[in-house]
Each structure stands twice: as structure tokens, then as C-alpha cells.
There are 2 protein chains.
Amino acid sequence: MSDLLERLRGRGWRMTAQRRVVAEVLDGDHVHLTADEVHSRAVVKLPEISRATVYNTLGELVSLGEVLEVATDKRAKRYDPNAHRPHHHLVCAQCGAIKDVHPGGNPLADLPDSERFGFTVSDVEVTYRGVCPNCAATTTTA
Amino acid sequence: MSDLLERLRGRGWRMTAQRRVVAEVLDGDHVHLTADEVHSRAVVKLPEISRATVYNTLGELVSLGEVLEVATDKRAKRYDPNAHRPHHHLVCAQCGAIKDVHPGGNPLADLPDSERFGFTVSDVEVTYRGVCPNCAATTTTA
DNA sequence: ACTTGACTTAGACCTTGTCCATTGTAGGAT
DNA sequence: ATCCTACAATGGACAAGGTCTAAGTCAAGT
């Protein structure tokens, strides 16, 4: 975490209270907040932070490769601080909970040339969908 | 295609000019239009059709399982009429072109129990990203 | 042909995200 | 310790994608 701040300072990032707060909010595993959620949480720590700043900072973190943009939700983009260990996502179809997962196998290898339409394929994104234990429980009980 | 209309009528769908036009616009392989694109094309055939109707109709087709919503683009949802043959997508990172692909292997099987967090996993969505032949050509020449 | 409830319409409204002119400030220079 | 200035933050307007509502319309059963 403070690793992140160190790394950013090293890259010539100007350190401001706003940027620190955004970085802090994004700390942790299985964290996948929308920009607005980041903003709400940031406001708690720094009431005068503006929406635009949160968007700017998130955008910069993404360009710097420190944070990933994920589109598991079909509405808002979500931001994933776990950018240094490649992974995929498991999403609850009911409550939207998201977990980072590391499947075996290499989906890239599973795409035969005949199915590549001449594309140079460089990346795969896998999203598993299902129902989390929590939602399964409440559904059966109800 | 008229299969689709038959099937829908069989399910008690009231057949209207608007719905017929939306279904017609969505016909074909490798079709992945945004709601607005569907609307623009529908307007050509039926000038007085409204945006809300297009959204409603697309939503119904999705609930009925006749059309898939795909989120390859991070802006607008896209609608894929190829709902009865499971497939994944290959997207050009530059121009946004989308192809339907059928990779070998089963990514669902690649997710070990230890990585399922107690979820009941039912579905996988795979998006391959790369550069299409067209964009590769224009980039090298430019 | 009549009736009725499902369908459509237009436009207001909401959410997510971007832009811009202005004001503020981190951090190097003095 | 203070000053400068380029970079960052602010807030409010704007844009795109999508949803909702009240009122009018029409497909299809009788």
C-alpha cells in the first residue's frame, strides 16, 4: 500500500492529500469499487474532494498500470487495485459481489487459428458468473 | 429469423410493427449493435419508432433468452442475436470490431473448487482482445 | 366491430463520465 | 522559512447511455 505511494512518488507523481486518499480507499484484496463508491469513501476522509479529481486520479492510476478497470457490472466501470498479479473475476449474478480468481489452463491457447479471423490476439478476459453462498442461503430460506 | 417471430408469437408475444422491425434489424451473424444503432436502423424502416420502445423490446428479447447482452465495449451495451449457439467474443482493441468465436476447452472446468469461494458457478464469459487485420494493415502503412 | 389490456410515444429525468476555467498547493529554488 | 510556478483540484456545465411515466394507440379475442 505505502508501497504504491512510494512507487508513485518515484515516478514523479506529485503527492497530494486527494491522491493519497484515493489510493488508501483502493487498498485490499477483492476490492472492486465503482468511481462513485471510491468518491463516497474518499469524502469521508477528505470532505472537500471533488468527483472530477477522483475520476482523474483513477484514470492516472489506470494509465500507470497500478489499477485495472473491470467491466463485470454492465453499468459503471469498477477499479481493481490488484494489478500486479494477473487474474480473472467471479461475479454473483444476484448481489454483484466480485472475487478475484486464478483458473488453471490458458484460454488463449484454446482459440484455434481458424477462429482468429486474422486477428493478432494478445489478451483474454474471463468472467465467471454464479450465485454466492450468501445469496444462495437467503434465496432458499425465503 | 421468421423462426424467431414464430417462436415469440407462440410465447404470447403481441406482434407489432415495432417489434418486428427490431427483430429484423438484429438478424445475421457477427451482429453486435448498440441500442442506439438498433434504433437508427429501425427508424429507417419505421420512422416513428421511439427510443423507449427499442430499449423495451431489446430488454424483452434478452429476458426471453432470444438475444444476448454483451459488454465488450465499455460504453454501450451491445445486442447479439446469436443466443442459441454458445460462443465467446473476439474484439479489436482499435476499431471495436467484434467476431463470434468458439474456442476449444471448457473454462468452467479450469476453475478449481478452491477458487470458487462457495459460489455455484453456472456460466463463463470469455473476451479475447487483439488487433484485426484491417487495423494492423493501416497501422503498419501509416 | 367492439373492448381491453398490452404496447408505444415523447420527453423528462437519472447515472456515469468528461471538460473547462478558475483557484489552490507541493515541493524545488532562493 | 519563504517564494514561485507548474501541476493538481474544484465545481459546475455538458454529453451519452439508459430508465420512467402519463397519456394515447392498437392487436387480437369475442
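Predicted model only: the values in this text are computed from it and were never measured. Order of the sequence lines sets the chain letters (A, B, ...), proteins ahead of strands, with each chain counted from 1. Every heavy atom of this structure was used, including side-chain atoms; hydrogens, water molecules and symmetry mates were not.
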Legend entry - NZ/NE/NH1/NH2 to OD/OE distance under 4.0 Å, A:K45 and A:E24: yes
Legend entry - Interatomic distance where CD belongs to B:E48 and P belongs to C:dG11 [whole Å]: 15 Å
Legend entry - Distance in angstrom units between A:D73 CG and C:dT15 P, rounded: 14 Å
Inset, instruction - Take the protein atom CG of A:L8 and the nucleotide atom C1' of C:dA26, then report the distance between them rounded to whole Å. - result: 15 Å
Inset, instruction - Would you state whether a donor and an acceptor, one from the side chain of B:R14 and one from the base of C:dA6, lie under 3.5 Å apart? - result: yes
Inset, instruction - Could you tell me whether the phosphate oxygens of D:dT10, OP1 or OP2, come under 4.0 Å of any side-chain nitrogen or oxygen in A:T53? - result: yes
Legend entry - Between P of D:dC7 and CZ of A:R9, the distance in whole Å: 18 Å
Legend entry - Centroid-centroid under 6.0 Å between B:H39 and B:Y55 rings: no
Inset, instruction - Examine C:dT9: is either OP1 or OP2 under 4.0 Å from a nitrogen or oxygen in the side chain of B:Q18? Give yes or no. - result: yes
Inset, instruction - Report the nucleotide, chosen from D:dA27, D:dA8, C:dT9, that has the shortest atom-to-atom distance to any side-chain atom of B:I49. - result: C:dT9
Legend entry - Position toward the 5' end of DNA chain D (nearest nucleotide), A:G12 or B:W13: A:G12
Legend entry - Neighbour count >12 (heavy atoms, 6.0 Å) for atom CZ, A:R116: yes
Inset, instruction - Report yes if at least one side-chain N or O of A:T16 is closer than 4.0 Å to OP1 or OP2 of D:dA9; otherwise report no. - result: yes
Legend entry - Nearest atoms (heavy-atom pairs only) where A:G28 meets A:P81: O-CG, 3.7 Å
Inset, instruction - Considering only NZ, NE, NH1 and NH2 on the basic side and carboxylate oxygens on the acidic side, decide whether B:E69 and B:R78 come within less than 4.0 Å. - result: no
Legend entry - Atom-pair distance (CZ on A:R20; P on C:dA26), nearest Å: 9 Å
Inset, instruction - Write down the distance between CD (A:E37) and P (C:dT15), rounded to a whole number of angstrom. - result: 14 Å
Between protein and nucleic acid, restricted to nucleotides 16-19 of chain C and to nitrogen or oxygen atoms under 3.5 Å apart, what atom pairs and distances do you find?
unit_1	atom_1	unit_2	atom_2	d
C:dG17	OP1	A:K77	N	2.9
C:dG17	OP2	A:Y55	OH	3.3
C:dG17	N7	A:R51	NH1	3.4
C:dG17	N7	A:R51	NH2	3.0
C:dG17	O6	A:R51	NH2	3.0

Inset, instruction - Could you tell me whether the side chain of B:E115 reaches within less than 4.5 Å of the side chain of A:Y128, counting heavy atoms only? - result: no
Legend entry - Length of the CG-P vector between A:L46 and D:dA9, whole Å: 10 Å
Inset, instruction - Please work out which of the three classes, parallel, tilted or perpendicular, describes the rings of A:H87 and A:H102, given edges at 30° and 60°. - result: tilted
